[in-house]
Amino acid sequence: MRNVIFVLVLLITGCANQVSQTEQQLVSQLTVSKNYSGLIELYKSKVVDNDKDWLSQQLLAEAYLANEDVESADFYIQRVLTLSPKPTADAHLIKGKILAKNFNYKEAIEQYSHAMVLGLNSADLYMSRGIALAQAKHYETAIDSFNLARLRGFDEVSVKNNIAMVHIYQGDFQSAVDILLPIYEQDSSNSKVNANLKLSVMKLEGEESLEVQDESGAEVLVLNDPAKESVGSELTVNKETQLVPDILDTQVEVTPISAEAFFKADAPLNAQKNEPQPRSYHLQLGAYDNMPEALEKRNALLTAQLPITIRPADLGSSGTWYRLLTGDFTSYRQAQLFAKKNKQLLAEHEYFIQVIK
């Protein structure tokens with residue numbers, strides 16, 4: 001009798017594993033083919049069977065968001081956050097993206113912070129957070145967030161394009177050119193980088209000095225979005241202030257404001273562009289919210305045989321952070337060359353190029 005029961009248990013377990021593997025294969029196929037309607041149907045059937053299946057509701061919300069149904073996505077993710085006993089970090093990330101799509105960047109940033117507190121440390125999170133911070137005009141913090149996304153493997157060109165966009169928002173067109181020009185020289189086929197470079201040069205010099213054309217021929221502002229990693233999409237804002245998404249996945253939209261409207265709105269800021277502010281470029285090896293920890297980390301880094309300085313940075317509501325910097329350069333390229341020459345010394349350390357005005 002015991003042998004019979006044992007055999008039945010094995011058969012049931014084997015069937016369950018087979019069903020699970022089949023479902024995983026189906027999910028993978030639907031995701032790769034961007035068949036979001038199929039994913040919605042799959043997860044919704046699970047929710048109908050059990051309305052307390054919080055994981056399925058979270059995945060259903062993500063599928064709805066990818067399918068551009070923001071209201072349905074918000075309904076299910078809000079149930080997860082409100083009713084489930086222990087909402088996941090990914091649930092807060094999804095909620096943040098929904099808030100950002102509705103241009104509620106302040107609350108989106110709060111949701112991203114919840115996700116970070118719960119241990120989420122993904123490139124997608126930091127890229128989404130950076131976009132929300134940039135739209136909320138927390139520019140320095142946005143750049144730090146983009147660089148954290150870079151350190152976690154996000155596409156370099158997308159990160160650099162977004163950092164350049166922050167400089168454009170600030171009216172610092174020279175910094176944008178310094179970042180985008182090397183990308184253009186290596187690959188002139190990226191229409192979004194080309195458009196932002198063209199805009200920066202035109203605003204910097206007052207005329208079209210580079211023959212850089214984007215696909216539509218319109219003046220555009222483009223932020224590279226985290227969805228580029230998963231479904232290859234980016235967001236564009238054109239002159240008519242209409243959002244032009246390609247295929248949306250877990251995306252964060254940019255404010256629907258044209259380049260022309262932006263510069264008119266910030267005329268006092270951009271009126272100062274004829275008096276360029278001095279800026280310097282450094283390799284940032286870390287940033288800490290208190291001086292004792294910064295000193296401790298600096299002392300630990302002295303073995304790298306690089307001169308390390310501590311520079312405080314007032315990040316507004318985020319408080320004062322203490323940055324560990326090495327090098328002092330007048331251009332982005334000089335900082336890049338320094339990093340290449342000291343590649344072996346920097347091999348064991350995470351760093352990125354920081355621009356300070």
Side-chain angles (χ1 to χ4, degrees), residues 43 47 51-66 69-154 158-159 162 166 223-230 235 248-255 286-290 293 313 315-321 350:
Y43 294 130
V47 175
D51 64 3
K52 290 183 172 57
D53 183 348
W54 307 117
L55 177 59
S56 291
Q57 291 184 60
Q58 177 180 311
L59 295 171
L60 178 58
E62 193 171 22
Y64 270 122
L65 185 58
D69 187 344
V70 179
E71 190 278 333
S72 294
D74 195 34
F75 171 77
Y76 286 103
I77 204 63
Q78 193 59 44
R79 279 180 53 81
V80 173
L81 292 172
T82 305
L83 301 176
S84 67
K86 192 175 181 180
T88 66
D90 284 317
H92 288 286
L93 174 59
I94 294 169
K95 179 64 176 181
K97 292 181 178 183
I98 291 170
L99 289 165
K101 284 180 70 66
N102 290 323
F103 312 117
N104 192 342
Y105 298 112
K106 181 179 179 181
E107 291 188 20
I109 294 168
E110 292 176 359
Q111 290 295 325
Y112 297 143
S113 296
H114 280 307
M116 292 167 65
V117 169
L118 291 174
L120 190 59
N121 194 34
S122 67
D124 182 13
L125 169 61
Y126 286 109
M127 198 68 162
S128 300
R129 180 173 174 268
I131 291 175
L133 287 165
Q135 299 300 343
K137 298 188 177 181
H138 301 308
Y139 297 125
E140 291 294 331
T141 318
I143 290 176
D144 285 343
S145 192
F146 287 140
N147 279 315
L148 286 171
R150 180 195 302 208
L151 292 173
R152 282 149 186 79
F154 208 94
S158 298
V159 170
N162 282 4
V166 173
L223 270 171
N224 285 78
D225 187 85
K228 182 178 190 298
E229 289 295 287
S230 53
L235 298 180
L248 301 182
D249 190 6
T250 53
Q251 299 194 101
V252 181
E253 295 186 354
V254 297
T255 304
Y288 306 92
D289 60 1
N290 62 85
E293 186 178 7
L315 301 182
S317 60
S318 297
T320 299
W321 284 68
E350 293 185 343

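When a residue number appears, it is its place in the shown sequence, counting from 1.
- By the 4.5 Å heavy-atom criterion applied to side chains, Ile109 and His138 are counted as neighbours.
- With sequence neighbours excluded, the residues that form a side chain to side chain donor-acceptor pair (under 3.5 Å) with Asp53 are Ser56.
- Residues Met116 and Leu125 have side chains in contact (heavy-atom distance under 4.5 Å, counting atoms from C-beta outward).
- For the side chain to side chain donor-acceptor pair (under 3.5 Å) test, residues two or more places apart in sequence or in another chain that qualify with Asp69 are Ser72.
- Residues satisfying the ring pair (Phe, Tyr, Trp, His ring centres under 6.0 Å) criterion with Tyr76, sequence neighbours excluded, are Tyr64.
- Residues Val166 and Phe146 have side chains in contact (heavy-atom distance under 4.5 Å, counting atoms from C-beta outward).
- In terms of the side chain to side chain donor-acceptor pair (under 3.5 Å) criterion, Ser122 has no residue partners (sequence neighbours excluded).
- Residue Glu350 holds its CD atom at 11.5 Å from CG of Asn147, rounded to the nearest 0.5 Å.
- Ile94 contributes atom CD1, which lies 10.0 Å from atom CG of Leu60 (distance to the nearest 0.5 angstrom).
- Contact check for Leu83 versus Gln78: no side-chain heavy atoms found under the 4.5 Å cut-off.
- With sequence neighbours left out, the side-chain contact (heavy atoms from CB on, under 4.5 Å) criterion links Ser84 to Trp54, Val80, Pro87.
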Show the numbers, then the answer: is there a side-chain contact (heavy atoms from CB on, under 4.5 Å) between Tyr139 and Leu133? CA-CA 7 Å; Tyr139 297 125; Leu133 287 165; over 6 Å; no

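- Put simply, OH on Tyr126 and CG on Asp144 are 11.0 Å apart, with the number rounded to the nearest 0.5 Å.
- When side chains are defined from C-beta on, Asn102 does not count as touching Lys97, because their heavy atoms never get closer than 4.5 Å.
- Counting only residues at least two apart or in different chains, salt bridge (Lys or Arg N to Asp or Glu O under 4.0 Å) contacts with residues 72-92 comprise Asp74-Lys95.
- Distance alone, capped at 3.5 Å, places no donor-acceptor pair between the Ser145 side chain and the Thr141 backbone.
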Test Asp124 against Leu93 for side-chain contact (heavy atoms from CB on, under 4.5 Å), laying out the working first. CA-CA 9 Å; Asp124 182 13; Leu93 174 59; 4.0 Å; yes

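- Pairing each heavy atom of Lys101 with each of Val70, the nearest pair is CE-CG2, 3.3 Å.
- The backbone N or O of Asp51 lies less than 3.5 Å from a partner atom in the side chain of Gln57, making a donor-acceptor pair.
- Residue pairs that meet the salt bridge (Lys or Arg N to Asp or Glu O under 4.0 Å) test with at least one member in residues 103-122, sequence neighbours left out, do not exist here.
- Two residues are said to be in side-chain contact when any heavy atoms from C-beta on lie closer than 4.5 Å; Gln111 and Leu81 meet this criterion.
- When every heavy atom of Tyr112 is checked against every heavy atom of Arg129, the shortest pair comes out as CD1-CA, 3.5 Å.
- The CG atom of Asn104 sits 13.0 Å away from the CD atom of Gln135 when rounded to the nearest 0.5 Å.
- Here the closest heavy-atom approach between residue Ala134 and residue Ala142 is recorded as N-CB, 3.6 Å.
- Under the ring pair (Phe, Tyr, Trp, His ring centres under 6.0 Å) criterion, His114 pairs with His92, not counting sequence neighbours.
- Residues that satisfy the side chain to side chain donor-acceptor pair (under 3.5 Å) test with Thr88, not counting sequence neighbours, are Gln58.
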